[in-house]
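Order of the sequence lines fixes the chain letters, A, B, ..., with proteins taken first and strands second; residue numbering starts at 1 for each chain.
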Protein chains: 2
Amino acid sequence: MSTTAPAQWTEHVLSTLDRAGHRSTGPRTAVVGAIADLGCSTTAREIADLLRGRNAGVGMASVYRALELLERLKVVRRVDVGEGSARYEPAYPSGEHHHHLVCDACGNVTAFEDDDLERVIHALSRRVDFDIAGHEVTLRGACPLCSPSR
Amino acid sequence: MSTTAPAQWTEHVLSTLDRAGHRSTGPRTAVVGAIADLGCSTTAREIADLLRGRNAGVGMASVYRALELLERLKVVRRVDVGEGSARYEPAYPSGEHHHHLVCDACGNVTAFEDDDLERVIHALSRRVDFDIAGHEVTLRGACPLCSPSR
DNA sequence: GTGAATGCAAACTCTTTGCATGACT
DNA sequence: AGTCATGCAAAGAGTTTGCATTCAC
């Protein structure tokens, strides 16, 4: 729980970068800050837009390069809900994570957690013939605002 | 079980197309045939390549248009395992389906089924604030051939 | 015969890469 | 100083779209 605060995550990322011998440059830390602020499930474009608004204009190439590095260092998680562009979100060292509800109508992406789900997936992971390193669950449907019952 | 045979699925697709007022043209039925033959989790490119090999060369645009239509009619399921291109597979009217194991090393995609997983997801779907219509589970890791223990 | 479907090519979006310039340690 | 990181612009991959032609019904 204490590891999930944005500030702590940012600290964690910066020290991880340092430990891995990477520089904490302006553009790179700006991207880290943007991810911390945007939180769950953002796109490269959203990050670039936010930074442009902050007059910290960072080139798209640098955004993508930063995301690739952060994912490789496992401090950012790449999530693919299948709408053409990849989504990214902070990854916490504790391993705690969530999954996503995607609205097919408006594209809204919401997070959820479920212990039973994690337990079943964990058990399942031991049974299959793969060496499982991670998992992703996406539930699709209509969000409260788009639901026909409204 | 009887609904999962490729031939039956093909029949089902053709009658669904007809019922929905769509024509069963050569290119379109060729795409349906390719999906039936390729089975689980294929890409638009693989379908086009197979058809080219069969001298039934169908333009990429037609492959994509057929896939879009078939998905809309719910006879094809689009699966996104997040490697740049979308994957497609037959969808059976019985609702039976599977999920995927993806090898991060070689890209190999394998199917699996798990009743416990389905049960948990079903229960979960009733609790969330979305009107859930479907779900997707992807387990990532190393396949038997890429596993370090080999 | 008529409207739907096709094929090609061009357009578009997202992402990656080459290369000269600039900045962190 | 030396190297790593940046930015731009061009290249690439996957997918979509416009439009004249063709084909199923």
For DNA chain C, please output the secondary structure as dot-bracket, reading 5' to 3'. Pairs are Watson-Crick or G-U wobble, both atom distances under 3.5 Å; mark crossing pairs with [ ], other-strand partners with |, unpaired with a dot. |||||||||||||||||||||||||
So, B:Trp9 side chain and B:Ala36 main chain: donor-acceptor pair closer than 3.5 Å or not? no
Is any side-chain N of the basic residue among A:Asp37 and A:Arg54 closer than 4.0 Å to the acidic one's carboxylate O? yes
Between D:dT15 (C1') and B:Arg87 (CZ): distance, integer Å: 16 Å
In plain terms, say whether B:Asp114 and A:Arg127 are close enough for a salt bridge, that is, a side-chain N and a carboxylate O under 4.0 Å apart. yes
Without decimals, in angstroms, what is the distance between A:Glu83 CD and C:dC14 P? 10 Å
Please check this pair: side chain of B:Glu71 against backbone of B:Glu68, looking for a donor-acceptor N/O pair closer than 3.5 Å. no
Whole-Å gap separating C1' (D:dC25) and CG (B:Asp18): 10 Å
What is the distance, to the nearest angstrom, from the CZ atom on A:Arg78 to the P atom on C:dC14? 14 Å
Pairs flagged by ring pair (Phe, Tyr, Trp, His ring centres under 6.0 Å) wherever residues 100-126 of chain A is involved - sequence neighbours left out: A:His98-A:His100
Can you check whether A:Tyr64 has a side-chain N or O nearer than 4.0 Å to OP1 or OP2 of C:dT16? no
Distance in angstrom units between B:Glu68 CD and D:dG14 C1', rounded: 15 Å
Tell me if a side-chain donor or acceptor on B:Arg23 pairs with a main-chain N or O of B:Asp18 at a distance below 3.5 Å. no
How many Å lie between CZ on A:Arg45 and P on C:dC12, as a whole number? 15 Å
I would like to know whether B:Glu118 and B:His135 meet side-chain hydrogen bond (donor to acceptor under 3.5 Å, both in side chains); could you show each step before the answer? CA-CA 9 Å; B:Glu118 298 301 325; B:His135 61 268; 3.0 Å; yes
Base versus backbone protein contacts along nucleotides 3-11 of chain C [heavy-atom cut-off under 4.0 Å; B, S, -]: BBSBBB---
B:Leu17 atom CG is separated from D:dA24 atom P, nearest whole Å, by 14 Å
Are side-chain heavy atoms of B:Thr25 and B:Thr29 found at a separation under 4.5 Å? no
Does any N or O in the side chain of B:His99 come within less than 3.5 Å of the main-chain N or O of B:Val137, such that one atom is a donor and the other an acceptor? yes
Please give, in whole Å, the distance from D:dG7 C1' to A:Leu51 CG? 14 Å
Considering every strand and a 4.0 Å limit on heavy-atom distances, what is the contact class for A:Thr43: base, sugar-phosphate, or nothing? nothing
